[in-house]
Protein chains: 4
Amino acid sequence: MTSRTPDPARRSERSRQAILTAAAELVTELGYARLTIEAIAARAGVGKQTIYRWWPSKGAVVFDALLAGNANEAGSLALPDTGDVAADLRTLLRGTADELASPFLGSAGRALAAEVLTDPKLLDEYRERLLGPLLEVTRQRLRAARTAGQLAADADPDLAVELLYGPMYYRWLHGLGPLDHGYADRLVELVLRALRP
Amino acid sequence: MTSRTPDPARRSERSRQAILTAAAELVTELGYARLTIEAIAARAGVGKQTIYRWWPSKGAVVFDALLAGNANEAGSLALPDTGDVAADLRTLLRGTADELASPFLGSAGRALAAEVLTDPKLLDEYRERLLGPLLEVTRQRLRAARTAGQLAADADPDLAVELLYGPMYYRWLHGLGPLDHGYADRLVELVLRALRP
Amino acid sequence: MTSRTPDPARRSERSRQAILTAAAELVTELGYARLTIEAIAARAGVGKQTIYRWWPSKGAVVFDALLAGNANEAGSLALPDTGDVAADLRTLLRGTADELASPFLGSAGRALAAEVLTDPKLLDEYRERLLGPLLEVTRQRLRAARTAGQLAADADPDLAVELLYGPMYYRWLHGLGPLDHGYADRLVELVLRALRP
Amino acid sequence: MTSRTPDPARRSERSRQAILTAAAELVTELGYARLTIEAIAARAGVGKQTIYRWWPSKGAVVFDALLAGNANEAGSLALPDTGDVAADLRTLLRGTADELASPFLGSAGRALAAEVLTDPKLLDEYRERLLGPLLEVTRQRLRAARTAGQLAADADPDLAVELLYGPMYYRWLHGLGPLDHGYADRLVELVLRALRP
DNA sequence: CCATAACCGAGACGGTACGTCCAGTCTTCTA
DNA sequence: TAGAAGACTGGACGTACCGTCTCGGTTATGG
């Protein structure tokens, strides 16, 4: 018997685009939970099999759809480096807060976060394609600051990025309070106090 | 019109127990996603209506089932106060790390976390019955430390608890690294550095 | 506009044979209902289009496959004419009974009969290529007997052949009883009683 | 585990009726081959599962629908017995010819015949509920004629009924000629010639 | 101390979506 | 340029559960 896995070279780009577009539209219209593969296929004018052929799950489709909407995927995300690590981190966390507070990530993002937590494969992909690069550039910025003597010589970049993003994420997921610029600034101040020499 | 809300006085305790037990068993056997109300009813020897009568959703049943398994619910959770805030927080976070690292919370807990993120009602209940009390006693301990001069006078307890739990939660959810006692200790050290006068 | 009807001269004989062989094998392995065009194409090592190009339906392929297995198609089928019409008809009906009772025609034949009943085009083809010739040679034999004075002068050959084959077919299709030589003999006796002068 | 077979006492008569009605309508509108279970369910305003719960196949539904349309099922079918066996059989076969020639049985009937040939369970049911009773009353009439000395003492009722119905059925299925009263009369004449003392 | 109203187990019901299968068409690559 | 390979749209399949709705039966008061 020949292979059961499809040949990517013959893949229809038109269908791929239509599916991602339909998924993005529907997830904002209906929310993630009410989204169905059948609806995506219908909206995209595509047979269901074409979705099942190329994606393993609803979550994977939506994930790809959100990625396609962002250009974040590649190395395009660059952190500012003005030399003032406090200012740069404030800029970073203010942006993050704005994203999390936006109605879009507030709904679809939550649901997708939930999906990612549930499906190990999605989690892997998320770590590799989104979270990983983000954490890495953040670590780079912190290492630069350490080299510049702005942070303690023994500051652990792995721990530091968790200290930076974790509290905000915690607040966001649990709805513990507002995510505004003031919050971001106070968080940066505390974190730097922990990391400084 | 007849009453829409059932009479709790007539509720069958036997059925309630059977349902929670069945739910707890099945969520560990199948995982949260593959768990169904029908299966719970069948395993519990109970009509589906009896579940729908007393719980609004699958998530609510599982949530109650997990709560019933813990005794944490009431004020039973008391933080140590040896006078040494660093030691006490280490104890606290080491315990949290152990819980999160346990295989039980590692599977069902993740799924339930995901569910909680999705369902606002569940999130409310979670905040009120589990998260809230935990954060409150933690804040109390920090306030005591502040009063004792071990923390800065302007340390914000709300931010402080997020700084404490957020990074660990972040690491746990995203699978960024091991959750051991060493990690807990290093985290406490950093956080205290941020909060100290 | 390109041609709608393919050019038979360029037809691949190798493919045609492979398709008929695969169809014959699969119909005995799976039965007619579970047989699919895709399976035939796969087994024959042929593109689906090659089947659709040359046959209008699954039934037509199987029909051709069964014909290819028999040599009956041409005028090769000749009835015995020993001068004894009773003996000749017994020979004829005994053979028919044997064929119908054989496990092969008992399964595939039933299914193909069903298909033929459903599809007018197939029925036409069946009448023209199989049933028609068979009935015609039978009528010829009966006419010869009539000429020889063994049958009534006004015996209608069309009705006569139905009287001959109809009861056996009826019994076969409905599974009303065994199809053995004794049955064939008794049937011939009755029919001749009806047709004799 | 409890039984997987549903409880007929709880069956919804309203749904049963709606399904049979919808099936009867659709089979005449679309023909048997284009009929789908989904369409029946939709037309009947019924869940698909309700059909699958009570019938094993599309054929079984249509079969029941046709039966429900006829009152033939019970012993209601009584053959005439005027004492003149020839006249009675002419009446019988003329009626049969009319039925077979009617446009309704000419389309749905053919398809259902095909289905019955394919599905052994349907064939059993057909034999038991329709064909069997019909053949039995016919045999009874023939036995009465035999007792009255109108048929040969050794005439076999089983063979006789096949001789009577078989040829007409054969002509009908294969489209070999018209099914009119003249044909019925000539057939009866031949058959009686075969069966008379 | 029964009547009656509720909860209860059971499971059929109308629905929705699932993931699979195959029909028949279209496209691409190879011989 | 016919054919193999197989991806495509489309649609029905049969299954799984959803949440609602009877249906007896079994409590457990309240008139």
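Lettering of chains follows the sequences in order, A, B, ..., and the numbering in each one begins at 1. Everything numeric in this text was worked out from a predicted model, so none of it was measured.
Here the side chain of B/Arg34 pairs a donor or acceptor atom with the backbone of B/Leu30 at under 3.5 angstrom.
Between B/Glu29 and B/Arg43, at least one side-chain N (NZ, or NE/NH1/NH2) sits under 4.0 Å from a carboxylate O, which counts as a salt bridge. With salt bridges taken as basic N to acidic carboxylate O contacts below 4.0 Å, none links B/Lys121 and B/Asp124.
For F/dG10, the base has no donor-acceptor partner in the side chain of A/Lys48 [N/O atoms by modelled type, under 3.5 angstrom].
Here F/dT29 presents its C1' atom at 6 Å from CZ of B/Arg10, a figure rounded to the nearest Å. Rounded to whole angstrom, the span from the CD atom of D/Gln17 across to the C1' atom of E/dC13 amounts to 17 Å. As rounded to whole Å, 9 Å separates atom P of F/dC13 from atom CD1 of D/Ile51. In this entry the distance linking CH2 of D/Trp55 with P of F/dG14 reads 15 Å, nearest Å. D/Arg14 places its CZ atom 11 Å from the P atom of F/dT22, with the value rounded to the nearest Å. In this structure, A/Arg53 atom CZ and E/dC18 atom C1' are separated by 17 Å, rounded to whole Å. For B/Ile19 and E/dC7, the CD1 to C1' distance is 12 Å, given to the nearest whole Å.
Counting only heavy atoms from C-beta on, A/Gln49 has its side chain closest to E/dC21 among F/dA4, E/dC21, E/dG14. In the set E/dG14, F/dA4, F/dT9, F/dT9 carries the atom at the smallest distance from any side-chain atom of A/Thr50. Listed candidates were F/dC18, F/dC8, F/dT15. Nearest to the side chain of B/Tyr52 is F/dC18. Residue A/Asp7 places its side chain closer to F/dA7 than to any other of E/dC13, F/dA7, E/dG11.
Taking for each of A/Arg34 and D/Gly47 the nucleotide of DNA chain E with the nearest heavy atom, the 5'-most of the two is the partner of D/Gly47. Nucleotides of DNA chain F nearest to A/Trp54 and C/Arg11 differ in position, and the one nearer the 5' end is that of C/Arg11.
Of the residues in residues 35-45 of chain D, D/Thr36, D/Ile37, D/Glu38 come within less than 4.0 Å of DNA chain F through at least one heavy atom, sorted by number.
Atoms CD1 and CD1, from B/Ile51 and B/Ile40 in turn, are 5.5 Å apart once rounded to the nearest 0.5 Å.
Pairing each heavy atom of D/Leu173 with each of C/Leu123, the nearest pair is O-CD2, 4.0 Å. Contact record, B/Pro6 with B/Pro8: O-CD, 3.2 Å, taken as the closest heavy-atom pair.
Here C/Ser15 reaches the OP1 or OP2 of F/dA4: one of its side-chain N or O atoms lies under 4.0 Å away.
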Output, in order, the C-alpha distance, side-chain angles, deciding distance and verdict of salt bridge (charged side-chain N to carboxylate O under 4.0 Å, His left out) for B/Lys58 and B/Asp119. CA-CA 11 Å; B/Lys58 180 176 82 166; B/Asp119 181 341; over 6 Å; no
